[in-house]
Amino acid sequence: MNNTMDNALYIRHLETLLQRYRIASSQFQLDTIVIGAGSLSHYFEDDNAHPFKPFAAAQQWLPFTLPAGSFIVIKQDKPELIWPAQQDFWHMANAIPEGEWQSHWRITPVNDDSWTQSLSSNSAFIGPDAIGSLTHHHGLMTWLNYDRAIKTDYEIACLETANQIAAKGHIAAQQAFLSGASELQTHLAYLDATQQDAISTPYPNIVGINEHAAVLHYEQKSSQRPFRPLTLLVDAGASHHGYASDITRTTTTLNDEFSALLDDMDILQQSIANQAVAGVAFVELHQKTLHGVAHLLKQHDICSLSIEEQLAKQIPHHFYPHGLGHFLGLQVHDVGGRQLDATGTLQNPPAGSPFLRLTRDLVPNMVITVEPGLYFIPMLLEKLKAQQPKHGCNINKIDRLTPYGGIRIEDNIVVDIEGIRNLTRDAFATLS
Ligand code: GLY
Ligand code: MN
Ligand code: MN
């Protein structure tokens, strides 16, 4: 995306946001909406601050990272950015970023909160801190979250860039692992290739070798490479203007029964991803994936029961215990995934899949992840054996595969009418 294109997309994005906020203002009979980015918080009894991440509903408005203490004010005229003018020689001053965006904003540098005194009584606030007597307006937030599922072209371009950055990291991580790196070294190779540090990545990198690949949110990074490295699972993203990528790749060092399973999971993942088109119920796609996992368990002699029997006994659910995917945007698990309308009616996930975060039907310009997995998680397999004596599972083969941990393959997809755009596979293709 070049700068001119970037700016044209940004202006259209801003118009869309203003339109959404105008409709919300009319719905809630407001003349002003204030959005707070949030303020710094500190570790308990410590003068060190937690890493700051601006509140997504504020960050959505601007093409650079918002500082703590900034606010967006939306009225009928130009949007206003309230900017904290820093009076502190300990830290770098918050310079207001240069750029064409400035011509679309009123910019008000402030040293205190006296600007809030001019807010009308018909104002609402969304954000983590109260301003005066105004506290976070949940109904308004819910209304706005519903539309946030539909990404503007600017947002899709940001997500595309976040994928391009992360794909470089994944290639470097895989090369490091294959050249003898530990989890920690693999993680550092990822960060170096993306040129983003660990507090800029959208979530803590998951870098698991062998059994650690079976820990869904494994966040440790061992500096000891195991004696027999078999598998590497990296679930890691990158950020661009606050937008996240969320990509997982699984690599193995051998050509064996695990790599055969990995190859077939890749085929299943791509088949499911390509079906994520407008009009499809994501819940149905999740159920299809469970069906696909049952098929793989049978095909690879891990479970001898028929697909129907496996599903009736919820056997695939023990190998694939999480949901197929979620919305992706400014938040990795972006908002509104179970929201059926702007007023907040919820659709819960189906029985047996309590962790499915997305239950809406797909419409164009939703951006989602598609991330099926197949793991050998001792805790879940023990539960299966205890609860389901007629499980039909090949325990010898499971014992052989447990040291490999498991498989997850995760791509970021833009939903469209006729097909999809796979931002992740496109990003890897440009690098190969
Ligand atoms: N990286 C977290 C997830 O895939 O949902
Ligand atoms: Mn994900
Ligand atoms: Mn992920």
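First listed ligand is number 1; within each ligand, the first listed atom is number 1. The chain is numbered in sequence order, starting from 1.
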A.B. asks: Are Y320 and H322, when compared by the centres of their aromatic rings, separated by less than 6.0 Å?
C.D. replies: yes
A.B. asks: Measure centre to centre between the rings of H326 and F282, then say whether the value is under 6.0 Å.
C.D. replies: no
A.B. asks: Between Y218 and E183, does a side-chain hydrogen bond (donor to acceptor under 3.5 Å, both in side chains) hold up when you go through it step by step?
C.D. replies: CA-CA 11 Å; Y218 174 75; E183 290 172 353; 2.6 Å; yes
A.B. asks: With rounding to the nearest 0.5 Å, note down the distance linking CD in Q314 to CG in L384.
C.D. replies: 10.5 Å
A.B. asks: What orientation do H217 and H333 show, parallel under 30°, tilted 30 to 60°, or perpendicular over 60°?
C.D. replies: parallel
A.B. asks: Relative to the heavy atoms of H333, which atoms of ligand 1 are at a distance of less than 4.0 Å?
C.D. replies: 2 (C), 3 (C), 5 (O)
A.B. asks: Please verify whether a non-hydrogen atom of R408 lies at under 4.0 Å from ligand 1.
C.D. replies: no
A.B. asks: In the protein, how many N/O/S atoms are under 2.8 Å from the Mn ion (ligand 2)?
C.D. replies: 4
A.B. asks: Are F125 and H137 an aromatic pair, judged by ring center distance below 6.0 Å?
C.D. replies: no
A.B. asks: Starting from atom 3 (C) of ligand 1, what is the nearest protein heavy atom, named by residue and atom, and what distance separates them?
C.D. replies: D246 OD2, 3.4 Å
A.B. asks: Might you work through the side-chain hydrogen bond (donor to acceptor under 3.5 Å, both in side chains) test for D399 and T402, ending with a clear yes or no?
C.D. replies: CA-CA 5 Å; D399 286 345; T402 299; 4.8 Å; no
A.B. asks: On the ring face of F177, is R225 found with NZ or CZ under 6.0 Å from the centre and within 45° of the axis?
C.D. replies: yes
A.B. asks: For residues Q60 and E155, is any side-chain donor paired with an opposing acceptor at under 3.5 Å?
C.D. replies: yes
A.B. asks: Suppose I only count heavy atoms of E410 and a 4.0 Å limit; which atoms of ligand 1 are within that range?
C.D. replies: 4 (O)
A.B. asks: Take every heavy atom of H322, measure it against each atom of ligand 1, and state whether any distance is under 4.0 Å.
C.D. replies: no
A.B. asks: Which residue supplies the protein heavy atom nearest to atom 4 (O) of ligand 1, what is that atom called, and how far is it?
C.D. replies: E371 OE1, 3.0 Å
